[in-house]
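Okay, structure first, notes after.
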Amino acid sequence: MKSTLLALAAIATLGAAPALAQQPVKVAAVYALTGPIAPYGVPQQKAIQLRAEQINARGGWKGRKVEVIYYDTEGNSNKAVQLVRKAIETDKVDLIVGPSSTGESLAAAPIANADKVPMITHSGAQSVVDPATPYVFQTAQYDRVGVPAVLKEFQKKGFKKIALLTSTDGFGQSGLALFKEMTPKYGMTLVNEQFNRQDTDMTAQVLRAKQANADVMMIWSTFPAPAIILRNARAMAYPKPIYNSFAMASQEFLKQSGSTSENTFVMTAAMLMPTALPDDHPNKQVIMKDYEAYKARYHEPPNPSAQHALDAMAIADAAVAKIHGEINRQSLRDAIEKTDMYGDNGYFKFSPTVHGVSDRDVPIVFLKVVHNAFAPQ
Amino acid sequence: MSELSKAYRHNLRGLAAASIILALIGASTSNSFYLTTIIFALIEAISAIGLTLLFGFAGLASLGQAAFVGLGAYTAALLVERCAFPPIAGMALAILVPTAVGWIIGRPLLRLSGLYLTMASLALGVVLSLVFSQAISLTGGLDPGFMLNHAFSLGHWTLDSTKDMYWVCSVCVVLTLYLAINLIHSRFGRGLRALQSSEAAAEGSGIATVRFKTAIFAIAAGMAGLSGALYAFFMRSFNATAFDFSLSIELLIIVMVGSLRSVWGALFGAAVVTILPAALENFSDYKLFIYGVVMVLIMMFLPDGLFHGAVQGVSRLLAGKDAK
Amino acid sequence: MAAQIFVSGLLIGCVYALVAWGFTIVYNATGLINFAAGEFVMMGSVISAALSIKLGWPALIAAPVSICAVTAIAALMDWGCLQRAKRQTPLALGMLTIGIGIVLRGAMLFSFGKDFQFPPAFSDGEIPAILGVNIPTQGAWVFGTVFIAAILLWQLFARSWLGWSMRAAGESRRAAVLMGISPRNVSTTAFAMAGAMGALAGALIAPLASANYTSGLFFGLKGFSAAILGGIGSPLGAVAGGLILGVLENIAAGYMSSGWKDAIALGILILVLLIKPTGIFGGRSVKRV
C-alpha cells in the first residue's frame with residue numbers, strides 16, 4: 001500500500017516536473033526595427049532568431065525552449081523605456097537583449113538594475129557599463145576601441161592631418177568627441193566638417209576638406225550621407241584617400257555608392273569579411289563559424305551589427321551551461337558575470353567590475369573597395 | 001446663476017472627478033509598464049493643455065512648443081545637476097524661464113498673423129532643437145545626452161520610483177488644469193473668447209490683442225516647460241531628439257484629437273496618442289499607416305476632437321433615452 | 001570655391017523651388033497650408049527609385065510614371081479627404097494634411113521598405129568641369145527640367161483659362177462660383193499640380209540624395225521655408241525663395257559653420273519674418289496688429 005502510494009507520488013512529481021520544465025525561457029529583443037537605425041536593428045533581430053533556432057534545435061536550455069519576443073523601439077528612447085518595462089512586467093521575460101543605440105541603452109539601463117533583470121545592450125558607448133552596474137552588460141565596443149584603431153592605422157600610413165566629416169546626429173557626435181580627445185595622442189591634427197545626415201549635398205564640406213590640405217578624409221556617419229559625400233568627392237576629383245566608419249560596413253553601402261566608393265577604405269568588424277583576419281587571430285574561428293551560419297540561414301552575409309546580438313546570445317548560452325539550478329533572472333545574471341569566452345566582438349571576460357568586451361586583440365580590419373566589393377588591403 | 005459660472009462649477013467638479021480617478025489609478029496599478037505609459041501621457045497632457053489654450057481658444061497654431069518643453073527640461077536638469085539647486089526650485093525655474101522666453105519672443109512674433117506666426121513658431125522650434133543638439137558642452141547634445149543623477153525630491157523625500165513620479169505628474173496635471181480652468185473663467189478668459197470671435201471687435205472694446213496673445217503664448221510656454229522638467233526627472237537620461245519637430249506635431253495632434261474647445265480634451269488626446277501606438281505594436285511595418293488613418297478619420301469626421309465627439313455622442317444617447 | 005558653392009546651392013535650390021511653388025499654388029487656390037507637400041517629394045523619389053531599381057525600368061520612364069502616380073494620389077487626397085472633411089476651415093484642413101502626410105509615409109513604408117535607394121541618374125556620362133565648377137550629370141537634368149517646367153507653368157498661370165480660374169478661386173470663392181468656376185475642381189487641380197511638382201522634384205533629386213520613406217519632413221520644411229522666404233502667394237517668390245535658401249545654406253556650410261548651417265538658414269528666415277513678413281517678393285499685406 002505504502003509502496004503504491006510512494007510510486008503514485010513519484011509518478012505525480014515526475015508528471016509535474018516536465019510541466020514546469022516546459023515553461024520556455026523568455027528573452028526580450030528590444031531593437032530598432034523601423035526608423036533611422038533600422039539598418040542596424042534588423043540584422044540584430046535576424047541574429048537573435050538564428051541563435052534561438054540553433055539553441056532550440058539542440059533541445060533548448062536545460063530542456064526549456066528559448067522564446068524570443070521582439071519589441072520595436074523605432075530608435076526612440078521613450079519607446080525603449082516603455083517597451084523594456086512591458087517586457088519586464090507584462091511579459092515577464094528572464095533576459096533582455098538590446099537596445100541597439102546609446103540613447104536608448106542609457107535610458108533603459110536604470111530600469112534593468114531597479115527591476116533586477118539582466119540586460120545585454122548593444123550600445124557602443126563606454127558610459128553604459130563604466131562604472132559597471134549589476135544587471136547591465138554590453139557586447140559591442142566600437143567607440144572606445146574603434147577610434148584608436150583608426151588612428152593607429154593612419155599613423156602607420158604616415159598621415160598627419162585628418163579631415164573628419166561627421167554627421168550632426170548622435171553617432172557623428174560621439175565619433176567627433178572621441179577623435180577630438182584621441183587624435184593629439186597619436187601626434188596628428190584634426191579638422192572637422194559637419195553635415196546633417198539627411199542633407200542632399202556635401203560639396204561645401206568636401207571643398208573645405210580639400211582646402212585644409214588634409215592627408216586623409218574620414219567619414220563618420222550612418223546612411224545615406226556617406227554615399228552622397230563620395231559622389232561629391234568624385235565630382236571634384238578629391239585627391240586624398242577616403243575612409244568610412246564601421247557604419248558603412250555592409251553590402252548596402254556598396255549598393256548605394258556604386259562606382260564612387262572604388263578605391264576607398266572601410267573600417268569594419270571582421271564579421272564583414274572574416275577571411276581578412278590573420279589565421280592566428282584568436283577570434284577568427286568564432287567569427288567564421290557565425291558568418292557561415294548567418295549566411296546559410298539568410299542567404300546574405302551578415303551586417304556586422306548582427307554580431308552584437310550573436311555575441312549576446314552566445315554569452316547567455318555559455319552562461320546557462322554554468323547554472324546548476326533553475327534558470328531565472330538572478331541565476332542568469334550571476335552566470336553571465338562569469339563569462340570568459342571569445343565572441344565576434346572580441347574577448348569577453350566579465351567580472352563584477354568589467355561588463356564590456358576587452359580591448360585586447362579587437363577583431364577590426366580595414367578593407368578596400370575594389371570592383372564594388374570589399375577586399376583586404 | 002449665469003451660464004458662465006455654471007460652466008465654471010461644472011469644470012471644477014470635473015477637476016475633482018479627475019483627481020479622484022487619477023488617485024484610484026495610482027492606488028490600484030502597480031504594473032510599471034502601465035504606469036510608465038500613463039506618465040508619458042500625463043506629461044504630454046500638460047503641454048497639450050497649454051496648447052489648447054493657445055490654439056483652441058486664441059487660435060494661434062504654434063508648431064514650436066517642443067522648444068519650450070526642451071527649454072524646461074534642460075533648465076531643470078542643468079540647475080539641479082550642475083548648480084546643486086533643489087529639484088523643486090529647478091522645476092519652478094523650468095516653468096519661469098520658458099514663460100519669460102515666450103513673453104520676449106511673443107511680443108514681436110505675435111504681431112504677425114496666422115500663417116506667418118505658424119511659420120515663425122515652426123522655424124523657432126527647429127532652431128532651438130538644433131541648438132539643443134549642437135550645444136554639446138551644455139546639453140550633452142545627442143550623444144551622450146544629459147545624465148541627471150539626482151532624482152526628483154521634495155525636502156527629505158526622494159521621489160524616484162515609477163509610482164512616485166506618477167503621483168508627482170498627477171499632481172502637476174491637476175494643478176495645471178486648475179490654472180487653465182481659472183484662466184478660462186476669468187476676465188482674461190473672456191477677453192480670449194472675444195478675441196476668438198472677432199479680433200476687430202475685441203480691439204474696439206479696448207482689449208489689447210497683442211498683449212493678450214503674448215500672455216497666452218507665455219503661459220502655454222510655461223506649461224510646456226513644466227512638461228519638460230517632469231520628463232527630465234522621469235527619464236533621468238535624455239537627449240535632444242526628445243524635443244524635435246515631431247514632438248511639436250504630436251502635441252498639435254493631441255489637441256486636434258482631443259478637443260479644441262475644452263482643456264479636458266488634452267487629457268483625452270494625450271491618452272489616445274500615447275496608448276494607440278502601444279496597441280498597434282504588433283502591426284510592425286503597418287503601424288505608422290494605421291496610426292495615420294485613425295488620425296485622419298478623427299480629424300475628418302470629428303473636427304472638434306474625439307473628446308468632444310464622445311461627449312456629444314453620450315449626450316445624444318442620453319437625450320434619446322429621455323425622449324423615449 | 002565660391003562658384004562651386006553657389007552652383008551647388010542653386011542645384012538643391014531648384015528642388016526647394018519646385019516644392020515651394022507647389023505650396024504656393026495650393027495656398028493661392030485654396031488658402032490652405034499643405035503640410036503633406038514634403039511627402040509628395042518623398043513619394044516621387046521612392047516610387048521612381050523602386051521602379052528603376054526593382055523593375056529595372058529606365059529612369060526616363062520610371063520618373064514620369066511616378067509623377068503620374070503621385071499626381072493622382074494628391075488629387076485623391078483633396079477630393080476624397082479634404083473636401084469631405086466636416087469642418088472646412090483652413091486651420092482644420094491644414095491639420096488634416098498633417099494626418100494625411102503620416103498616412104502617406106506609412107503607406108510608403110510598408111509598400112517599399114526602409115532602405116535608402118540611389119536610383120541611377122537619368123543619363124550616364126560625366127560633365128567636364130566648367131570654370132572650376134563640377135556639376136553631376138543628374139544636376140544638369142535638375143537645372144534643365146526645372147527651367148523648362150518653370151516656363152511651362154508660368155505660361156499656364158499667366159495665360160491660360162486654368163491659370164485664371166485658379167487665381168480667381170483663390171481670391172474669392174463666391175465670385176468664382178458666379179463666374180462658373182467650380183472651386184472644388186480648382187482645389188483638386190491645385191493639389192494635383194502640387195503633387196506633380198513635388199514628385200518631379202523627388203524623382204530628380206533621388207539619384208543624388210537617395211530615396212527613403214523618411215525624407216518627407218525634411219523637404220516639407222525646406223519647401224515651406226523657401227515659400228515663406230520668397231513670399232507665400234507669389235510663385236516668383238517661391239522660386240526665388242527656393243534658390244536663395246539653397247545658396248544661403250551652402251554659403252553657411254562653406255564659409256561659416258557646417259554644423260550650424262540649418263540653424264543659420266532658419267535664423268535668417270525668422271529675421272525676414274520679423275522685418276518683412278510678406279517675404280522678399282511677397283505683395284499681399286499681412287495684418288499687423
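First the proteins, then the strands, lettered A, B, ... as listed; each starts at 1.
- Using non-hydrogen atoms only and a strict 4.5 Å limit, no part of residues 100-107 of chain B faces chain C.
- In this structure, the separation between CD1 on C/I98 and CG on B/L63 is 6.0 Å, given to the nearest 0.5 Å.
- Put simply, CG on B/L252 and CE on C/M95 are 4.5 Å apart, with the number rounded to the nearest 0.5 Å.
- Below 4.5 Å, heavy atoms of chain B meet heavy atoms from C/G80, C/C81, C/R84, C/A85, C/K86, all part of residues 73-86 of chain C.
- Across every non-hydrogen atom of C/A263 and B/L130, the tightest pair is N-CD1, 3.4 Å.
- Contact of B/A61 with chain C is made through the side chain alone, with heavy-atom distances under 4.5 Å.
- Counted within 6.0 Å of CZ on B/F283, heavy atoms from surrounding residues, nucleotides or ligands total 12 or fewer; the atom is thus considered open.
- Residue C/V103 comes nearest to B/V293 through the heavy atom pair CG2-N, 3.4 Å, listed as atom of the first residue, atom of the second, then distance.
- With a 4.5 angstrom heavy-atom cutoff, B/V131 touches chain C via backbone and side-chain atoms both.
- To the nearest 0.5 Å, atom CG of residue C/L221 and atom CE of residue B/M119 are 6.0 Å apart.
- Among all heavy-atom pairs drawn from B/T118 and C/F35, the shortest one is CG2-CZ, 4.5 Å.
- With rounding to the nearest 0.5 angstrom, the CD1 atom of B/I298 is 11.5 Å from the CG atom of C/L96.
- The CD1 atom of C/I100 lies 7.5 Å from the CE atom of B/M300; values are rounded to the nearest 0.5 Å.
- Contacts between C/L217 and chain B at a heavy-atom distance below 4.5 Å involve the side chain alone, from C-beta outward.
- With respect to chain C, the highest number of heavy-atom pairs below 4.5 Å among B/M295, B/Q134, B/M256 belongs to B/Q134.
- Of the atoms belonging to B/L109, heavy atoms from both backbone and side chain fall under 4.5 Å from chain C.
- Between the CD1 atom of B/I253 and the CD1 atom of C/I102 there is a distance of 4.0 Å, given to the nearest 0.5 Å.
- Between C/L269 and B/A123, the closest heavy-atom pair is CD2-CB, 4.2 Å.
- No side-chain heavy atom of C/L109 sits under 4.5 Å from any side-chain heavy atom of B/K287.
- Of all heavy-atom pairs spanning C/K114 and B/D285, the tightest one is CE-OD1, 3.4 Å.
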Original post:
Are B/L124 and C/I270 close enough, and set up right, to give a side-chain contact (heavy atoms from CB on, under 4.5 Å), and what steps lead you there?
Top reply: CA-CA 7 Å; B/L124 217 58; C/I270 295 175; 3.3 Å; yes

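- In this structure, chain B has no heavy atom under 4.5 Å from any part of C/T89.
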